[in-house]
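These notes are about the structure you will find just below.
Since this is a predicted model, take the numbers as computed values, not measurements.
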Protein chains: 2
Amino acid sequence: MKPNTTLKKLSHTLGLSISTVSRALKNHPDISEATRQKVWELANVLEYEPNTYAINLRTNNSKLFGLIVPVISSYFYDSLIASLEEEARLHGYSLLILQSGDDPLVEQANLKLCKQNRVAGVFAAVTKETLDITSFLKLSENDIPVIFLDKVPTYAHCNKICVADADAARIAAETLLSHKKKKILALFGNSHLSITRERQKAFRTSIDESGKKVRLFIQEANHPAEACERILKAWAATAKPDAIFCMSDEILTGVMKAVQQLKLNIPEDAGIIAISNGFIPQLYYPEITYVETSGFKLGKLAYTRMMAIMAGSSFIQQMQVDALLVKGGSI
Amino acid sequence: MKPNTTLKKLSHTLGLSISTVSRALKNHPDISEATRQKVWELANVLEYEPNTYAINLRTNNSKLFGLIVPVISSYFYDSLIASLEEEARLHGYSLLILQSGDDPLVEQANLKLCKQNRVAGVFAAVTKETLDITSFLKLSENDIPVIFLDKVPTYAHCNKICVADADAARIAAETLLSHKKKKILALFGNSHLSITRERQKAFRTSIDESGKKVRLFIQEANHPAEACERILKAWAATAKPDAIFCMSDEILTGVMKAVQQLKLNIPEDAGIIAISNGFIPQLYYPEITYVETSGFKLGKLAYTRMMAIMAGSSFIQQMQVDALLVKGGSI
DNA sequence: ATGAAAGCGCTAACAC
DNA sequence: GTGTTAGCGCTTTCAT
């Protein structure tokens with residue numbers, strides 16, 4: 001094992017003091033050009049790398065953000081993570097990524113890890129069961145900003161960034177109406193989740209308030225298989241829907257499996273529209289028309305917000321990534 | 001801003017020395033039960049969290065692994081990351097995740113970050129253009145083990161863990177043969193990649209050496225759209241293939257789009273088999289039969305290997321995650 | 001059973 | 001321009 005090069009070692013071999021070397025390496029104006037050169041040269045030869053731990057200990061802050069998500073591999077978080085990581089790297093920060101596995105206890109442990117690592121900030125998508133967020137809020141007292149992403153707690157007084165759930169649902173509903181759909185089967189996820197309730201409420205309201213004569217069937221599907229089942233059943237009946245709305249990618253995959261099984265012609269036999277991150281819809285032919293809720297954009301926005309908070313904006317607010325209709329050929 | 005609780009503070013308010021408090025918190029046998037109790041109590045009240053940086057600085061090692069991948073959101077790395085993170089967390093380690101964006105320069109910078117963070121080890125999937133791996137190898141001199149994953153350099157003398165490319169291709173070929181396919185269209189990715197060459201060689205050899213009379217058409221498809229195009233063209237001709245082999249998930253998605261467009265009946269019109277991580281194949285009906293190359297398993301294996309190396313196994317070796325046929329209904 | 005002291009590598013205020 | 005010094009929070013050896 002080759003010991004790491006330190007300031008001490010450099011200063012020793014050069015016959016200079018540690019502080020001079022330190023300053024030279026930072027191109028401090030006080031240092032003479034000759035010394036600066038000498039120091040840099042040796043530093044390069046000996047491959048000096050400053051010890052992050054010493055620096056962090058000294059300065060009491062780190063170039064590290066913590067990110068806590070339920071799961072990494074999902075329809076959504078992978079792109080969120082990718083964009084956050086990129087943004088962080090571009091600004092000289094790194095990401096400590098922790099999975100909670102949707103377990104509040106693991107989430108707590110992860111949060112502790114963030115604290116122990118004295119991260120500069122925490123991004124968090126909470127678990128389905130996270131009700132008590134005091135431990136998150138407590139971080140703020142230690143000057144560690146917390147930004148909730150996507151899956152956010154209901155408690156009002158915290159920084160949140162979500163996709164525009166209501167908007168997305170409304171856009172989808174309006175699109176269906178503008179295509180003169182009369183019998184809509186709308187599939188939503190777990191009705192306990194706020195995201196489901198938001199989307200469902202907006203969807204239903206948009207249809208109702210349009211004044212158009214539309215029959216709306218709302219059903220719950222907690223996983224792809226259930227969504228698939230719903231479609232198979234609907235098509236076993238005599239009066240079939242002329243349009244299907246999918247609240248999420250997860251549901252869309254189930255629906256599309258049924259569509260393939262039934263050999264439905266899309267969009268002739270039924271129109272399909274989904275709320276999605278954008279990856280799944282383009283796997284099918286025709287590509288599925290969807291309202292985009294981008295993990296990428298959410299990541300970027302979250303990072304910007306984090307910077308603002310760190311720069312002093314104590315302003316607490318809820319922000320949204322806007323929803324956008326992306327046309328495929330499924331409607 | 002509330003300052004963090006430190007040993008100093010605890011010792012001060014308790015009228016004990018720092019070392020006593022430190023030992024008490026570690027349940028050192030020397031410490032009397034009474035003292036131990038007192039210390040723990042106050043530590044809990046004041047929410048003492050040991051400062052990771054001080055510890056790392058002192059002990060010159062960290063509970064952190066670095067992971068460098070080309071991109072996080074992919075058909076493969078997300079599951080790899082998920083399993084590595086889980087494994088690490090269970091052992092008290094965390095993961096510093098860095099994306100190279102398939103850029104060797106960014107990769108170098110990321111590696112430097114790992115070094116500066118004095119990570120306990122590095123997992124890396126290198127970029128397409130990474131030829132010079134001296135900087136990776138140099139880490140080993142500093143007692144930082146490096147394990148290459150999936151996308152590994154050709155240089156022999158390093159720790160590598162891959163999926164069993166040749167085996168997977170062979171299994172796929174044999175499955176096709178056992179189903180008496182006579183005219184096989186096989187789509188492979190970029191032929192410059194070693195993964196492509198490995199799979200292609202094994203696939204062709206298996207077919208050739210079977211002695212069976214089979215017509216094999218090998219084509220290159222660098223992205224889904226190209227794969228889609230290939231199928232559409234093949235089906236525009238008079239003599240159509242009776243089976244399609246997809247080297248990767250990326251290719252499979254393109255192929256399936258064409259299949260939907262052509263309204264092919266699977267497996268009647270053509271059998272389909274792929275090499276895959278397992279997520280994409282189950283999106284379709286019937287589900288696609290595939291040879292599994294699991295990111296999850298690879299992550300687990302890599303972690304085990306890392307532990308072995310850290311425990312002293314200086315043994316350099318190449319390991320493989322074995323390939324496994326998962327039957328769907330597509331053949 | 002407890003304390004004193006040195007030191008991990010670095011920064012920065014203060015000399016000269 | 002360069003050096004001296006103190007200290008970030010912790011561990012650990014050596015006293016007592």
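- Note: CG (Asn60(B)) to C1' (dG9(D)) measures 16 Å, nearest angstrom.
- For Ser32(A) and dT2(D), the shortest distance from a side-chain N or O to OP1 or OP2 is below 4.0 Å.
- Between Leu57(B) atom CG and dA6(C) atom C1' the separation is 13 Å, expressed in whole Å.
- Heavy atoms of Thr35(B) sit under 4.0 angstrom from primed sugar atoms or phosphate atoms, though from no base atom.
- The separation between Leu14(B) atom CG and dA1(C) atom P is 18 Å, rounded to whole Å.
- Distance Arg118(B) CZ to dC8(C) C1': 11 Å, rounded to the nearest Å.
- Among the protein residues, Ile18(B) comes within range of the nucleic acid bases, having at least one heavy atom under 4.0 Å from a base atom.
- Contact check, Lys8(B) against dC8(D): a side-chain N or O comes under 4.0 Å of OP1 or OP2.
- Side-chain to base pairing of Arg23(A) with dG3(D): one donor and one acceptor N or O lie within less than 3.5 Å of each other.
- Taking the charged nitrogens against the carboxylate oxygens, Arg36(A) and Glu33(A) do have a contact shorter than 4.0 Å, which makes a salt bridge.
- Side-chain atoms of Ser19(B) lie closest to dT12(D) of the nucleotides dT2(D), dT12(D), dC10(D).
- Two residues, Leu16(B) and Tyr48(A), neighbour DNA chain C, and the one matched to the more 5' nucleotide by heavy-atom proximity is Leu16(B).
- Protein atom CD of Gln116(A) is 13 Å distant from nucleotide atom C1' of dC10(D), rounded to whole Å.
- Neither OP1 nor OP2 of dC8(C) sits under 4.0 Å from any side-chain N or O of Thr6(A).
- Gln108(B) and Ser135(B) form a side-chain donor-acceptor contact under 3.5 Å, judged by distance and modelled atom types alone.
- Put simply, the side chain of Ser22(B) and the base of dT12(D) share no donor and acceptor less than 3.5 Å apart.
- Backbone-only engagement by Ile55(B) is indicated by non-hydrogen atom pairs under 4.0 Å involving sugar-phosphate atoms exclusively.
- At dT2(C), none of the side-chain N or O atoms of Thr20(B) fall inside 4.0 Å of OP1 or OP2 (strictly under the cut-off).
- Per the geometry, NZ belonging to Lys9(A) stands 14 Å off P belonging to dC8(C), to the nearest Å.
- Between the NE2 atom of His28(B) and the C1' atom of dC14(D) there is a distance of 13 Å, rounded to whole Å.
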- Message: Before you tell me yes or no, could you show the steps for Leu67(B) and Leu98(B) under side chain to side chain contact (heavy atoms under 4.5 Å, CB included), namely the whole-Å CA-CA distance, both residues' side-chain angles and the distance that decides it to 0.1 Å?
- Response: CA-CA 6 Å; Leu67(B) 169 64; Leu98(B) 288 334; over 6 Å; no
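- For the atom pair Ile133(B) CD1 and Lys138(B) NZ, the distance stands at 12.5 Å (nearest 0.5 Å).
- Regarding His12(B), its NE2 atom lies at a distance of 13 Å from the P atom of dG9(D), rounded to whole Å.
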- Should Arg118(B) and Asn61(B) be marked as a side chain to side chain donor-acceptor pair (under 3.5 Å) after you check the CA-CA gap, both sets of side-chain angles, and the distance that decides it? CA-CA 6 Å; Arg118(B) 302 293 194 267; Asn61(B) 72 42; over 6 Å; no
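- With the nearest nucleotide of DNA chain C identified for both Asp30(B) and Thr59(A), Asp30(B) has the one nearer the 5' end.
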